[in-house]
2 protein chains.
Amino acid sequence: MIDKTGLFDYHETMKKIELVKIFKALSSEQRLNIFIMLYNWNQTTSDATADCFCSEEGVEKCFTKACDCMDLSRSTISHHFKELENAGLITCTRIGQSSVCKVNMDAVKAIREFLE
Amino acid sequence: MIDKTGLFDYHETMKKIELVKIFKALSSEQRLNIFIMLYNWNQTTSDATADCFCSEEGVEKCFTKACDCMDLSRSTISHHFKELENAGLITCTRIGQSSVCKVNMDAVKAIREFLE
DNA sequence: TTTATTGTTCCATAATAATCGAACTTTAAC
DNA sequence: GTTAAAGTTCGATTATTATGGAACAATAAA
């Protein structure tokens with residue numbers, strides 16, 4: 001900490017900007033829903049009740065599933081996924097027609113560490 | 001979890017709304033600054049470099065200090081403090097002229113638990 | 001090769017949030 | 001009592017975000 005407030009250190013500032021992005025991404029109920037959904041799916045890769053394909057690599061068909069679950073247009077869903085991705089909370093790669101999404105546990109760790 | 005997505009359980013929903021409020025409160029750089037400032041001050045109650053009065057009860061004069069640090073008007077600062085308070089992240093009580101603010105560690109704990 | 005599905009991008013609009021100045025209340029200091 | 005300081009609230013403005021429709025590209029299925 002180089003000043004009274006601890007607000008002006010360069011690395012701290014960088015970290016803070018990342019954190020703001022992460023918090024902003026989770027500050028919409030819709031996006032938090034999506035995030036929790038992916039988080040759960042990622043953790044239950046062998047869940048027979050989920051009608052999406054869950055592999056070690058991530059979750060397929062998540063866009064369509066997300067649309068079904070939360071009554072938003074395809075394009076809005078796309079925007080939300082993109083924001084979660086920009087914040088570093090998830091990674092999406094395309095396999096065939098559908099996107100394979102995965103929660104980035106490093107980002108989750110970053111928030112946790114901030115709060116300690 | 002009572003459905004495939006885990007999104008519709010009542011208590012889960014309530015918790016989620018609280019979390020959204022918390023994340024929203026921390027999703028502005030200004031408010032994150034304020035929060036970190038209070039957090040640091042709360043933890044260094046005997047910090048001689050801080051020109052605020054830090055007691056076991058919290059941090060006094062934080063509004064003025066916040067104004068000095070971050071080039072925002074008094075009324076904007078007031079709004080930001082209020083939002084942190086509404087999200088349950090801090091508590092403010094008035095003693096004399098100034099507000100005594102304190103970080104609510106239960107809220108911090110709630111986020112941490114969400115991420116586990 | 002046509003058709004359907006998946007997700008993206010562009011564009012416009014509606015909804016929210018951030019910000020400030022000014023008028024105000026309460027407490028403290030003179 | 002008068003003046004100063006700390007915060008609040010109101011009202012207006014500006015900036016940002018959320019959203020959906022339409023046109024699009026890429027892949028899969030027929």
Side-chain angles (χ1 to χ4, degrees), chain A residues 17 20-35 37-38 41 51-53 55 57-87 89-102, chain B residues 16-17 20-35 37-38 41 51-55 57-87 89-102:
Chain A
I17 288 169
V20 165
K21 267 170 75 179
I22 289 175
F23 287 136
K24 199 167 277 174
L26 296 176
S27 74
S28 122
E29 201 179 341
Q30 315 288 17
R31 278 194 301 271
L32 188 60
N33 277 339
I34 294 174
F35 181 74
M37 192 173 74
L38 292 176
W41 281 346
D51 68 346
C52 60
F53 173 67
S55 65
E57 286 75 38
V59 184
E60 267 187 58
K61 277 201 165 190
C62 36
F63 273 62
T64 301
K65 198 72 216 320
C67 288
D68 293 351
C69 289
M70 57 192 85
D71 193 37
L72 288 174
S73 77
R74 215 159 255 285
S75 92
T76 301
I77 295 279
S78 178
H79 287 305
H80 284 323
F81 269 80
K82 196 125 284 174
E83 251 190 88
L84 288 170
E85 207 178 359
N86 287 340
L89 282 165
I90 64 173
T91 53
C92 299
T93 47
R94 202 148 177 189
I95 293 187
Q97 277 174 302
S98 54
S99 225
V100 176
C101 303
K102 200 178 174 171
Chain B
K16 222 158 25 192
I17 288 170
V20 165
K21 265 170 76 180
I22 289 175
F23 287 136
K24 199 167 279 172
L26 296 176
S27 75
S28 122
E29 202 181 338
Q30 315 287 17
R31 278 193 301 269
L32 188 60
N33 277 340
I34 294 173
F35 182 73
M37 193 173 71
L38 291 176
W41 281 346
D51 67 348
C52 60
F53 174 66
C54 302
S55 66
E57 287 75 39
V59 184
E60 268 186 54
K61 279 202 163 189
C62 35
F63 273 62
T64 300
K65 198 71 215 321
C67 288
D68 292 350
C69 289
M70 59 191 81
D71 193 37
L72 289 174
S73 77
R74 217 158 252 282
S75 89
T76 301
I77 295 278
S78 178
H79 286 305
H80 285 321
F81 270 80
K82 197 125 281 175
E83 254 191 84
L84 288 169
E85 206 178 359
N86 286 339
L89 282 165
I90 63 174
T91 53
C92 300
T93 48
R94 204 148 175 189
I95 292 189
Q97 275 174 303
S98 55
S99 226
V100 176
C101 305
K102 200 177 174 170

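Chain identifiers are assigned alphabetically (A, B, ...) following the order of the sequence lines, protein sequences preceding nucleic acid strands; residue numbering begins at 1 within each chain.
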Taking the side chain as C-beta and beyond, is there a heavy-atom pair between A/C101 and A/F81 under 4.5 Å?
-> yes
Rounded to whole Å, the CG-P distance (A/L72 to C/dG7) equals 15 Å
Does A/K24 have a side-chain nitrogen or oxygen under 4.0 Å from the phosphate oxygens OP1 or OP2 of D/dT17?
-> yes
Looking at CG of A/L72 and CD1 of A/I34, how far apart are the two atoms once the value is rounded to the nearest 0.5 Å?
-> 7.0 Å
Below 4.0 angstrom from OP1 or OP2 of D/dT19, is there any side-chain N or O of A/Q30?
-> yes
Heavy-atom side-chain proximity of B/L84 to B/L26 below 4.5 angstrom | yes
Would you confirm whether B/R31, through its side chain, and B/H80, through its main-chain N or O, come within 3.5 Å as a donor-acceptor pair?
-> no
DNA chain D: A/S28 or B/E85, which has the more 5' nearest nucleotide?
-> B/E85
Tell me: NE2 of A/H79 to P of C/dA15, nearest whole Å?
-> 17 Å
In whole angstrom, give the distance that lies between atom CZ of B/F81 and atom C1' of C/dA18.
-> 16 Å
Nearest-angstrom distance from the residue atom CG of A/L84 to P of D/dA18 | 11 Å
B/Q30: partners by side chain to side chain donor-acceptor pair (under 3.5 Å), with sequence neighbours left out = none
Using a cut-off of 4.0 Å between protein heavy atoms and nucleotide atoms, how would you tag nucleotides 22-30 of chain C 5' to 3' with B, S and -?
-> B----BS--
Any idea which heavy atoms bring B/S27 and A/V20 closest together, and the distance?
-> O-CG1, 3.5 Å
Look at the side-chain N and O atoms of A/S73 and state whether any lies under 4.0 Å from the OP1 or OP2 oxygen of D/dT19.
-> no
With respect to the phosphate group of C/dA18, does any side-chain polar atom (N or O) of B/R31 fall under 4.0 Å of OP1 or OP2?
-> yes
Separation of C/dA18 atom C1' from B/L32 atom CG, nearest Å, is 16 Å
Return no unless some side-chain N or O of B/R74 is found under 4.0 Å from OP1 or OP2 of D/dA6.
-> yes
C/dT19 OP1/OP2 closer than 4.0 Å to side-chain N/O of B/H80 | yes
Any A/K82 side-chain nitrogen or oxygen under 4.0 Å from OP1 or OP2 of C/dT9 = yes
Over how many whole Å does the gap from A/L26 atom CG to D/dA18 atom P extend?
-> 12 Å
Between CD1 of B/I77 and P of C/dT19 the distance, given in whole Å, is 9 Å
When the distance from CD of A/E29 to P of C/dT16 is rounded to whole Å, what number comes out?
-> 13 Å
In sequence, state the C-alpha distance, the side-chain angles, and the governing distance for A/N86 and A/K82, and then conclude on side chain to side chain contact (heavy atoms under 4.5 Å, CB included).
-> CA-CA 6 Å; A/N86 287 340; A/K82 196 125 284 174; 4.1 Å; yes
